[in-house]
Amino acid sequence: MAYIRKRNKKIFGIFLVPAMLVLFLTTIYPMLYAGYLSFRSYDLAKPFVPRVFVGWSNYREILTSSEFLHTLIVTAKLMAMTLSVQLVLGVGIALLVTQKLPGMGVARTLLLVPMMISPVIVGLVWLFLYFPELGYLNYFLSFLGVGAIPWITSTNWALWAIAIADIWQWTPFVMMGTAAAVQSLSPEPYEAAMIDGNSRWDVFTRVTLPQLKPVLVSLMFLRAIDAFKIYDIIFVLTKGGPGDTTEVLSLFIYRQSFTFWRMGVGAAASFVSLVIIVVLITLFFKSLNRDDYA
Amino acid sequence: MKHLKMALMGSAVAIGTTGSATAGDFDGVELKMLAIGDTSVTRLAPIVGEFEELTGAKVQIDMFPYPGLIDKIVIEASADNPSYQLMWVDSPWVGVLGESGALEDLTELVKRDAEEIHLDDIIPIQLQENTWQGRLLAFPASGMIWHQNYRKDLYEHPEEQAAFEAKYGYPLTPAQTWDQYIDIAEFFTRDAGEALAGEVLDKPFYGNAQAYSRVAGAITHDFFPIMRSFGGQYWDAETGLCAMDGEAALAAANVMKELVAFNPPDYLGLMWDIRTGYMERGETAQSSYWSVRTVRLTNPDEAVLPTIGEAGYAASPTGDGNPQPTMTGALSFAINSKATDTEKEAAWEFIKWGTSQDMMRRFAEEGSGVSQFHKSILSDPELQEKYPYYQVLLDTQENAQRRIFHPFYADVEEVFGVELNKFMAGETESAQEALTNACTKINTRLKVFPEDLRLRWINDAQAEIFD
Amino acid sequence: MSAITLSNVTKRYGAVQVVHGVDLEIDKGEFVVLLGPSGCGKTTTLRMVAGLEDVTGGKLSIGGQVVNDVAPKDRGVAMVFQNYALYPHMTVRQNMEFALRPLKLGADEVERRINETAEILGLSELLARKPAQLSGGQRQRVAMGRAMVRTPDVFLFDEPLSNLDAKLRTQVRWEIGKLHQRLGTTVLYVTHDQVEAMTLADKIVIMRDGYVEQVGTPEEVYSNPKTSFVATFIGSPSMNMIDARITDGRIEADGFSHPVPTRFAGRVTEGQDVTIGIRPISIELAHADDERALPATVEVTEFLGNEALLDLRVGTHELVAEIPAEQRVPSGTKTHIRLNFDLAHFFDAGTGRSLNAE
């Protein structure tokens with residue numbers, strides 16, 4: 001027996017090799033290389049710029065630059081905007097589609113469509129909607145007597161324009177997770193509350209929400225990690241503008257790496273971003289492990 | 001019949017000159033070109049079959065939008081085994097590509113084939129535009145000038161003329177100074193419902209359309225010509241550091257800021273093509289831009305304006321009204337230095353064919369958007385009749401200076417793009433603050449290099465093709 | 001005055017009718033059990049009383065007031081659910097508090113009621129716990145406590161014991177009985193377990209396929225089942241049912257024949273198909289020479305302590321007999337039995353109605 005088990009372990013090990021190899025080649029090696037680059041001066045476009053070890057200076061440059069701080073603030077702002085609306089809308093729609101009303105099955109399927117679309121396409125769709133002169137959004141608004149809003153070219157609106165596109169795409173995610181949780185709630189406590197005469201608001205705030213809390217916290221963490229990396233939609237809609245109102249962290253990294261070709265600085269910024277994400281993920285798992293019913 | 005004529009013309013070129021290829025010389029050679037999807041290429045791409053008939057070399061042109069194209073070229077240039085032998089080059093890229101050794105030196109080839117390519121007929125500044133340290137690294141396929149376009153029909157409308165003179169105390173003519181330009185922009189900015197040239201507008205009419213977008217540094221492409229028209233320089237000749245926060249730069253930034261009020265409400269998103277679109281649709285009184293798109297204003301198939309009014313053309317306004325340097329810019333073809341010798345030979349043949357005087361004349365007759373750079377074409381009376389702006393192009397080249405060509409151009413374009421855009425959006429208090437920010441960022445990157453290297457990078461040595 | 005009255009109450013889901021014209025009077029303080037197999041309509045009937053299901057037809061009154069269109073909360077009822085229906089994220093105390101919220105009582109009164117109820121149910125030590133930290137029996141008591149604190153006019157129980165193990169079930173059943181005695185509140189209680197019904201009920205309502213088969217005290221439904229269904233449903237082990245026909249004044253069944261007992265004279269007709277119902281206790285072992293003895297084979301003998309159950313094969317019939325344990329014979333024994341026709345029930349084979357005297 002012991003022999004077989006030992007042999008099985010070896011066989012399992014062999015089966016793991018391809019997966020480990022892929023993991024190494026696609027994740028670990030690039031990460032190590034990025035780590036190496038982050039301590040170097042490396043200008044991909046200008047071979048005449050010396051490629052040397054520069055110590056922590058890339059990190060120092062990023063962490064002391066107001067530009068980087070600004071992108072963190074914009075990223076946080078955007079996260080706050082999208083997450084809060086996605087939470088409210090997602091829960092609201094989830095409660096609606098879990099009602100036994102006609103057409104809700106179809107509605108649920110349709111609501112998932114935005115999630116299936118690649119963010120670049122989402123960006124393009126909204127670009128058409130936002131287009132100042134010919135966009136559909138302003139066209140429809142004109143019927144309401146609202147003048148043309150320069151959605152993506154105004155410093156007041158641009159971040160909201162991006163938030164709206166992101167909300168459109170990702171509310172279904174929150175909705176789906178919440179709907180699944182709502183459906184797993186046992187119906188009897190609701191009947192008990194109905195008989196006892198508890199108000200709908202009481203039932204929602206004191207029965208439904210507390211039971212959904214663990215799921216909602218998880219969904220918000222997942223969204224936060226995603227929102228932290230938001231890139232495609234912004235790249236298509238505003239490229240960080242107007243001014244620097246929509247300049248998020250990933251755009252900063254992109255610009256350092258592929259506009260200025262300062263790969264070292266870009267790599268260092270990626271690592272700082274990685275650290276922030278790791279913190280978020282750690283908090284996320286901590287929240288998962290907490291037993292809310294204990 | 002037409003085909004036969006072309007074939008005859010092609011062979012006439014081939015036979016009549018020295019050092020030139022004859023049919024079949026490059027059988028089996030395949031060339032790929034990394035290019036822009038803009039007028040300097042779009043007309044040529046469909047007819048590369050003609051080149052193959054002439055020489056046997058097969059050419060494939062891959063076209064991409066301008067934003068992001070330099071990134072592709074840089075990656076291509078840093079690859080050991082190039083997929084592209086031919087590259088489309090905007091003249092400001094010559095520095096970074098030249099210093100990297102990415103481009104083949106064309107100096108000797110141009111000297112060898114001077115007669116065949118009618119070197120004397122090419123406006124010299126358009127060639128100089130493509131040099132790096134005196135060596136010619138690219139060959140012009142389109143030679144641009146930044147100039148102003150205006151609504152000739154409105155400027156000549158008696159009521160508008162009278163109203164303008166009454167308000168500003170001088171006659172309404174194409175602006176010679178930026179103050180006048182601003183006056184005119186203000187004068188013509190009208191809401192829907194107001195009258196323009198005696199007719200009631202059903203939508204707003206704008207006094208001006210310029211590029212204010214930060215995407216791909218679009219705003220800098222209008223800002224630098226204006227800075228230049230105030231006599232501004234990019235670099236400090238003593239230190240080789242950023243000088244784009246001086247008097248002229250401030251004046252230019254403030255001119256653009258003042259013009260904001262007379263631009264469309266989405267001004268912060270105005271890219272080159274969106275900005276020219278306002279002019280082409282006849283929705284703005286004036287718009288200054290690079291001459292590659294000017295030809296559209298003469299063509300009712302490409303623009304609304306010729307149907308509803310008439311475009312006028314003039315040199316860019318300047319700070320004091322005296323002819324200051326205008327700015328040129330060449331859209332050019334270059335050869336990847338890592339191509340094989342045969343490919344390089346074939347590529348040079350292709351460049352000569354695609355930029356030849358005959359080809360340019362053919363494009364001119366067809367109304368292609370190539371901005372002409374042969375004196376004989378720009379001064380041709382028949383063509384001038386058809387394209388009134390030719391004379392403006394010809395005249396302004398006299399005072400022209402070349403565009404920025406520094407190896408850190410991409411950094412300048414992006415950094416100034418963002419900073420200027422922030423200033424226009426009202427995120428930065430003053431032009432001084434915006435420009436100082438931008439210069440500081442550029443200088444941080446430049447200061448790590450020794451001064452003599454920095455000075456070499458800004459040195460515009462005379463092109464050695466004229467030696 | 002009746003606490004609850006159902007007059008011709010029906011329930012229909014689309015084309016499917018699940019409750020057919022139920023008539024029922026429940027007196028104040030009465031403990032009434034709705035009994036029947038699953039799908040008989042008992043839970044639906046209870047939920048209609050609770051207001052969780054609409055009444056399709058008929059009239060439902062509680063406390064003399066027609067409540068067909070009255071919201072659940074205004075019916076003065078409290079319900080204990082099969083799955084306890086506790087709020088999983090709340091402590092025992094919070095569960096009870098939440099049930100009291102709509103009553104808008106003062107904090108002192110809330111405190112008093114919770115403590116009193118907890119005292120009665122032995123939950124005082126558990127008030128700070130959450131449901132996940134309680135045993136099944138404790139949860140059941142919390143569910144009852146949550147209903148009790150509201151001091152309703154009517155308690156509704158929906159199979160409250162079905163999620164408990166056998167031992168706990170007996171105990172909680174006993175507690176419910178005690179509680180009813182103490183509080184005297186009207187109870188409507190749904191179960192499929194006849195033992196619960198027999199032990200708890202003042203009145204049992206036996207339902208089948210949406211119809212009420214019989215209403216009566218436990219004794220009535222046991223002694224005088226009105227239908228063969230009730231006869232087999234009540235009593236354990238079940239009543240033996242033997243198909244027979246009345247021929248020449250005799251009961252003719254496969255393998256045996258017996259004169260029609262005098263008390264059924266005039267109640268049966270010649271040629272009528274009947275079902276003879278004989279409780280296991282009415283079958284006894286007999287000597288072979290007894291003229292009414294029937295030969296039987298003991299297939300299985302089950303020893304229960306005081307009694308023993310014999311699974312018998314009698315001709316083509318399979319019968320169960322319950323006999324004093326000391327009389328039992330081993331499995332496989334060939335023996336004789338006698339059916340006590342004096343205690344037998346007769347049912348019309350077609351309608352299932354009892355032919356016994358009222």
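Here is how names work: the chains are called A, B, and so on, in the same order as the sequence lines, proteins then strands, and each is numbered from 1.
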Next item on the list: Determine, for C/Lys104 against C/Glu109, whether the closest basic-nitrogen to carboxylate-oxygen distance falls under 4.0 angstrom.
Entry: no
Checklist line | Pi-cation contact, C/Tyr13 with C/Lys11 (under 6.0 Å, within 45°) | finding: yes
Next item on the list: Please determine if C/Arg146 forms a cation-pi arrangement with C/Tyr87, meaning its NZ or CZ atom is less than 6.0 Å from the six-membered ring centre and no more than 45° off the ring axis.
Entry: yes
Notebook entry, point to check: Which bit of C/Phe98 comes within less than 4.5 Å of chain A, counting heavy atoms only: side chain, backbone, both or neither?
Noted result: both
Checklist line | Audit row: A/His70, A/Glu247, side chain to side chain donor-acceptor pair (under 3.5 Å) steps and yes/no | finding: CA-CA 8 Å; A/His70 173 79; A/Glu247 189 83 33; over 6 Å; no
Checklist line | Contact origin within C/Leu52 toward chain A - heavy atom pairs under 4.5 Å | finding: side chain
Note to self: For C/Arg75, which atoms come within 4.5 Å of any heavy atom of chain A: side chain, backbone, both, or neither?
What the structure shows: neither
Check: Is chain A contacted by the side chain of C/Ala78, its backbone, both, or neither, given a heavy-atom distance below 4.5 Å?
Finding: backbone
Notebook entry, point to check: Is the shortest distance from a Lys or Arg side-chain nitrogen in A/Arg223 or A/Asp166 to a carboxylate oxygen in the other one below 4.0 Å?
Noted result: yes
Item checked: Top contributor to chain A contacts, counting heavy-atom pairs under 4.5 Å, from C/Ala71, C/Ala85, C/Gly51, C/Pro72 -> C/Ala85
